[in-house]
Amino acid sequence: MDELLKKYVHQNWDDISDHRNDKYYFVQASDDMETVFSEVRYQLEAEIPETLKAFYRNFGCGFLWLNQKQKKGLYRILSPEEILDLYFEPDSGEIPDDFITYRQNAWENLEENKLLAFCLFGEEGSLLYISVEDGVIYYLSAAYKIADFLSDFLASLDQEVDYFIK
């Protein structure tokens, strides 16, 4: 799977329009990821699981099933910086709050179930979560496990978009 995904890694978001027909689109995360990982650990009192850290190092963040019309939701793997933005309101009222509808569910799942939101799926709080304890992937809450590992989730999703909501 790793080699398959490497071709979808790009330098920045500027050329995304040239790749609208691609299945995936990833942009490398920040140069100083270890600092951001530490900041997530400090701010959220939760460690990003190693499998997700490896994904960030190898591919970055971005879109799964970028422009496929048959998908039901938006698959957007958040950068580590965006994970922090998801959990905390912007300091300035002038900055738009892109995550306002997601934040409450994200906090509840982190505090109650040790699930870290890492991927936007749809509207009004639909998130995919990764367990900070064992890396299991969940949809919406701990009640709906969709994969044992991030690699299993990606492989299943690669085979069939929206496989977990059918």
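These values consider heavy atoms only, across backbone and side chains, with no hydrogens, waters or symmetry-generated copies.
- With respect to Phe26, the ring-ring contact (aromatic ring centres under 6.0 Å, His included) criterion is satisfied by exactly one of Tyr56, Phe63, Phe55: Phe55.
- No path of Ile, Leu, Val, Met, Phe, Trp and Tyr side chains, each step under 4.5 Å between heavy atoms, connects Ile146 with Phe149, placing them in separate hydrophobic clusters.
- The side chain to side chain contact (heavy atoms under 4.5 Å, CB included) test with Ile83 is passed by exactly one of Leu116, Ile77, Val36: Leu116.
- Expressed to the nearest 0.5 Å, how far CE of Met33 lies from OG of Ser38 amounts to 12.0 Å.
- With a 6.0 Å cutoff to the six-membered ring centre and a 45° limit on the axis angle, Lys6 counts as a cation-pi contact of Phe59.
- Taking both residues in full, the closest heavy atoms of Glu160 and Trp65 are given as C-CZ2, 4.4 Å, listed atom of the first, atom of the second, then distance.
- Tyr163 has its side chain within reach of Phe153: a pair of non-hydrogen atoms, C-beta onward, lies under 4.5 Å apart.
- Closest of all the heavy-atom pairs between Pro80 and Phe37 is CG-CE2, 3.7 Å.
- The closest side-chain heavy-atom distance from Leu78 to Tyr102 is not below 4.5 Å.
- The closest donor-acceptor contact from the side chain of Glu39 to the backbone of Glu81 lies at 3.5 Å or more, if one exists at all.
- For the pair Arg103 (side chain) and Leu86 (backbone), a donor-acceptor distance under 3.5 Å is present.
- The side-chain heavy atoms of Leu127 and Asn109, taken from C-beta on, include no pair separated by under 4.5 Å.
- Between Phe88 and Trp107, the ring planes are perpendicular. Angles over 60° get that label, and only those under 30° would be called parallel.
- Judged purely by atom type and a 3.5 angstrom limit, Tyr87 uses its side chain to pair as donor or acceptor with the backbone of Ala117.
- Other residues, nucleotides and ligands place no more than 12 heavy atoms under 6.0 Å from the CD1 atom of Ile100.
- Atom CG in Leu154 sits 6.5 Å away from atom CG in Leu5 (nearest 0.5 Å).
- Contact check for Leu84 versus Leu44: side-chain heavy atoms found under the 4.5 Å cut-off.
- Taking CG of Leu115 as the reference point, atom OG of Ser141 lies at 8.0 Å (rounded to 0.5 Å).
- Residues Val9 and Tyr24 have side chains not in contact (no heavy-atom distance under 4.5 Å, counting atoms from C-beta outward).
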Show me the side-chain donor-acceptor pairs of residues 132-140 shorter than 3.5 Å, one per line, residues at least two apart or across chains.
{"unit_1": "Asp134", "atom_1": "OD1", "unit_2": "Ser131", "atom_2": "OG", "d": "2.9"}
{"unit_1": "Asp134", "atom_1": "OD1", "unit_2": "Val136", "atom_2": "N", "d": "3.2"}

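- Atom-to-atom distance recorded for Leu64:CG and Cys119:SG is 5.5 Å, nearest 0.5 angstrom.
- Side-chain contact check for Tyr75 and Asp162: at least one donor-acceptor pair (N or O, by modelled atom type) lies under 3.5 Å.
- With a 4.5 Å cut-off on side-chain heavy atoms, Glu82 and Leu120 do not count as touching.
- In this structure, Glu108 contributes its side chain and Asn105 its backbone to no donor-acceptor pair below 3.5 Å.
- For Phe164 and Phe121, the distance between ring centers is under 6.0 angstrom.
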Can you give each donor-acceptor pair under 3.5 Å made by side-chain atoms of residues 45-52, sequence neighbours left out, with the distance rounded to 0.1 Å?
{"unit_1": "Glu47", "atom_1": "OE1", "unit_2": "Arg41", "atom_2": "NE", "d": "2.5"}
{"unit_1": "Glu47", "atom_1": "OE2", "unit_2": "Lys53", "atom_2": "NZ", "d": "2.4"}

